[in-house]
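These notes concern the structure reproduced below.
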There are 4 protein chains.
Amino acid sequence: MKMLKVSIMGGSGYTGSELLRLLINHPHISIDQITSRQDEGKCVADVFPFLEGKIDQIFTHPEKVTFDHSDLVFFATPNGVAMRYAKNLLDQGKKIIDLAADFRIKDISLWEHWYQMKHECPELAQKAVYGLTEINRDQIKEAQLIANPGCYPTAIQLALVPLLKKDVINESSIIIDAKSGISGAGKRQDTNLLMSEAYDNFNAYSVGGHRHEPEIEENLKLTTGNNKIDTVFVPHLLPMVRGIYATIYADLKMDTNVELINKMYTDFYQSSYFVNFLGHDQVPQTKSVRGSNQCKISFFKRKNRLIILSTIDNLVKGAAGQAIQNMNVMFGIEENIGLDIIPVSP
Amino acid sequence: MKMLKVSIMGGSGYTGSELLRLLINHPHISIDQITSRQDEGKCVADVFPFLEGKIDQIFTHPEKVTFDHSDLVFFATPNGVAMRYAKNLLDQGKKIIDLAADFRIKDISLWEHWYQMKHECPELAQKAVYGLTEINRDQIKEAQLIANPGCYPTAIQLALVPLLKKDVINESSIIIDAKSGISGAGKRQDTNLLMSEAYDNFNAYSVGGHRHEPEIEENLKLTTGNNKIDTVFVPHLLPMVRGIYATIYADLKMDTNVELINKMYTDFYQSSYFVNFLGHDQVPQTKSVRGSNQCKISFFKRKNRLIILSTIDNLVKGAAGQAIQNMNVMFGIEENIGLDIIPVSP
Amino acid sequence: MKMLKVSIMGGSGYTGSELLRLLINHPHISIDQITSRQDEGKCVADVFPFLEGKIDQIFTHPEKVTFDHSDLVFFATPNGVAMRYAKNLLDQGKKIIDLAADFRIKDISLWEHWYQMKHECPELAQKAVYGLTEINRDQIKEAQLIANPGCYPTAIQLALVPLLKKDVINESSIIIDAKSGISGAGKRQDTNLLMSEAYDNFNAYSVGGHRHEPEIEENLKLTTGNNKIDTVFVPHLLPMVRGIYATIYADLKMDTNVELINKMYTDFYQSSYFVNFLGHDQVPQTKSVRGSNQCKISFFKRKNRLIILSTIDNLVKGAAGQAIQNMNVMFGIEENIGLDIIPVSP
Amino acid sequence: MKMLKVSIMGGSGYTGSELLRLLINHPHISIDQITSRQDEGKCVADVFPFLEGKIDQIFTHPEKVTFDHSDLVFFATPNGVAMRYAKNLLDQGKKIIDLAADFRIKDISLWEHWYQMKHECPELAQKAVYGLTEINRDQIKEAQLIANPGCYPTAIQLALVPLLKKDVINESSIIIDAKSGISGAGKRQDTNLLMSEAYDNFNAYSVGGHRHEPEIEENLKLTTGNNKIDTVFVPHLLPMVRGIYATIYADLKMDTNVELINKMYTDFYQSSYFVNFLGHDQVPQTKSVRGSNQCKISFFKRKNRLIILSTIDNLVKGAAGQAIQNMNVMFGIEENIGLDIIPVSP
């Protein structure tokens, strides 16, 4: 098939470099532009030594580049950037996948509250398709603009949607205790992210409220049509680099046996290559998904309560991998092409 | 004051070496015997190179030793050992602190179910005092036999007791999402505990039920007199060595403002040196207690729900430190003597 | 092309699971048998959860299996196993790649000294080709039996051979300070390999002599014809899982400028896909090769002394990856097929 | 005895907080001022949560404070600060211990070359005593201004001085392969120090030359009177927080048996509480000194070459601990007071 040409806006962070890791070996892709303000003019492989010998490109400045030859532009930029470029690119017929948060929430005042800036193109937020591939595959096929989900929301919604759709769990009983590797915080010069601070340490953060909480709730409501959904979400920082692990507690509406719940998951994900439902009484681990696009889900039943476990690699299924999965769907490429990666373990 | 003579049964594991680390610098203690089957005849400092130059003792065989000169014997042995030695030692007038689980649960059939062995002296389980120092200080003063609490139960009960005593939280709404460093699993040759397996990894374990759950529930009931207490407890394994972190979710019985809850904690712990209540909207971290006997507690209020955070070093406040704190109380020594350690950070 | 059928003897350790990770996605391979004494009858994916959904095979017992349908057998067994099976398999026309040490040293008495057992087929040790692909490619093409090099010897010889062949360094001045991740020690139940011991720790080991030292010296002599080669090799254990890093100190025989040394390396490795020579005054890092088959080499010149840096992933280029690279060469498959992996970073 | 009053200039970094950890429990010390530009007005315990409940002080601005009540001022400031304040304080009769590099090198042009700034009081550099306690104890007793050694220089010189003084090793054969935990780089907002970068990674750095190299060479020459000393020093960054490990290679001038070398070390360090010489064929590990002021040294003899191993905690014996050891010596306090810490292990 014809090679797609894709560009990356903001290629010098961790989602940018992860897009590169995955795109370089994608058989139907050629990489057009990779932009970076801070690294303009540098060889990509000098900034990312693990790409040495794998890529020849040079970082270009986002204001000095055109995407005339690109079919698709990935935005791996900070929040608030894609919304300034999107309209123009869409008008040129380009497709866009934004890995930041600009188009993840339809309720603009809610978005503006959590992201503390004015939204510059609310109308596109309405048109954007939320790129949780397994849930919105049909809309993604037709989409021109994709809001790629956050890392926590991906792990959590994949665990909850099959049960919420069947209306078996009490929508106001959901407690999400989530843990993330530090790469989720990005490549920022921040004292809290220093090795000396984060190694051999563990703590909760944003306990009073985290930006991914409104994203989860709004999208769960849209997906299930259930507006009573109300969750508590507490994120924690793990002393490691990659991995999201969500432990979700939810009460059953009525007694439902484990086999029935097993069936809800297996039916829901029967044609989803990247979701491994492990069954009940199984325990996934982050290492079993590291470096791959897999999501592993299992659950336990304790009296009338479910404990659901879900894990992904935040940089792959939680960011760059799901973005490429969405790209595949948008362009009619088989979903697992370029993403059929086996986790690195041990 | 007169030097106390103390012995350690089973000194070659992590709780044993942690007792040594703390006892060596205790001004009122001299160490009598340290036993070990596997290391009999070896210098303690050869088995634990970090004690090089700090201790001259040799490991003795537990069957070849008498405790005639000891005032107190610590059991840092596997579960099921102390119950075979206790009666005899108590009859000789010795005091005992068992760091294993033999005397932590009064309901013997419950104990036998969870520990999968026959209890050899159920009557002593009834007489033993549960050594959660801040809760049972008065009984500990008079006790001859102490059941030193488990690591999870210490962090969790210290967080819950002040509120359960005031009856402000719904006793059946309690969800405990707990995380532990790997030293809690001991110095066992087990593939799952290998660095290659546990490094850069995270997972839940014993989700279907963990031995610390009945310990927590029984002792919370005994402490508060509230028999409706019913908890869900899910432990997780952190990719680090020391530290317990409990994130506890509980519904308020009626709307209670944060200042009132602050007051419940500060009143309860006003004369407890080792509990640092941080107030509301604060986040403790494991690194701030590492190597020390401190417990740090804080909470958040989200609508009608509390999120309580509690952290300790599992080998200190969760094991050897609390054992020595109990020893101090039993012998009329000021509680913080030998334990006034500042955490090592970063 | 026709699919090759390959089997793995001893598939339950880390080199075994790494062979699987790489072979599953190899386009020209089908996996025949995977043996394990301890895991006989279990699904491979149950023992290695990261392979869930990627492999259907069941572990077979090594004594209950035939390799009639296999073209090649990998031995990922402990030292001393392959030498008991090799003759029989070779007589059946099978090819063998031994990832253990049985055939790495031609001097049998030296081998027996270091490995503390009697060699059971010395004549095959003479016939085996040492599988350092970049050095012995032509012999590997024709070989029926490959001795896959150790992890340290791979990183070290790739750094030294280009210069020793040109006779520019003093062969008795070579000091090798090497560091390894803990997966190099295998999946053994050994107290020293526990997370509680190895995390946040660093130390030298086998300072008095390590088995890889005679392997390095003998093979460097065979490769270069220089029998005066005499090295000091001190290994260290890093608090991480994957990665070998060798810092090599060597005196120049005569003053040689850096450009000339650059040329020696670039000429030597110009058609070697997996060796990235970075040039002088560059510093490789283990993370830039993690999970991949790359070897990164650079050097510094300080007065008359070279400091050469070389890094590989011990489980890939230092074990399973190089084994598959050798397989490719033996069967006329392009060398990088199935191995064109980009490191996982960060 | 009378309580000493000490102040800390620049207390918001890792050497500052480590001074606090150690000084708070020192029985003869009260802490006067702790300065910090960035944290002025904040509670020390808010900036360092591990000190919660242990200290009441507030950070003061260095320009708004006087040290009238201080007997001693520690400088835990960046390089180049102490030299601007020292003269004035010394004139007021204060004693100074500089934990930065301002007074470590007597050759001012050498210092200016390596530190890339003009030295503002070269005459004090001449008067300063180099605070390697075990080597310069007598001069330290009388000193008013101490240049506290760097972390690498401490571990390395303690290992080399006893042998260089006896002139048994070839002074131009010395190769030092050194490894450090990341806290040695300080609490700087630097991308390379991020957890995402440094975790699960290892590399050499400053291979072409590191500032500690001239410090080591000059001080070894001054201590031994041997001006032919010429070393190669290559530092590496370990994926952990605390710990220096030096592997030192040196040729013997003539064949010297191990017992004689043992004796050189034991004689030299017989009254040095903080140096544990382990003897030959022993291997120290960083974990055995973590959090403590110990230095552990051992060696191996291979043919005519010694391999010497030396380890310290870079923040304690390599910085704050040695500073307090020097303070004790300066004020006639027993050397180990306040420093008799047992390492935290595991």
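Just so you know, these numbers use all the heavy atoms, side chains as well, and skip hydrogens, waters and symmetry mates.
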Smallest heavy-atom separation, B/Ser196 atom then C/Ile182 atom, equals OG-CG2, 3.4 Å
Minimal heavy-atom distance between C/Met195 and B/Met240, with the atoms involved, is CE-N, 3.5 Å
Separation between CG (C/Leu193) and CD (B/Glu197), nearest 0.5 Å, reads 11.0 Å
Closest non-hydrogen contact found for B/Asp190 with C/Leu194 is O-CD2, 4.3 Å
If one checks every heavy atom of C/Arg188 against chain B at 4.5 Å, the contacting part turns out to be backbone
Those residues of residues 199-212 of chain B that come under 4.5 Å of chain C on a heavy-atom basis, listed by number, are B/Tyr199
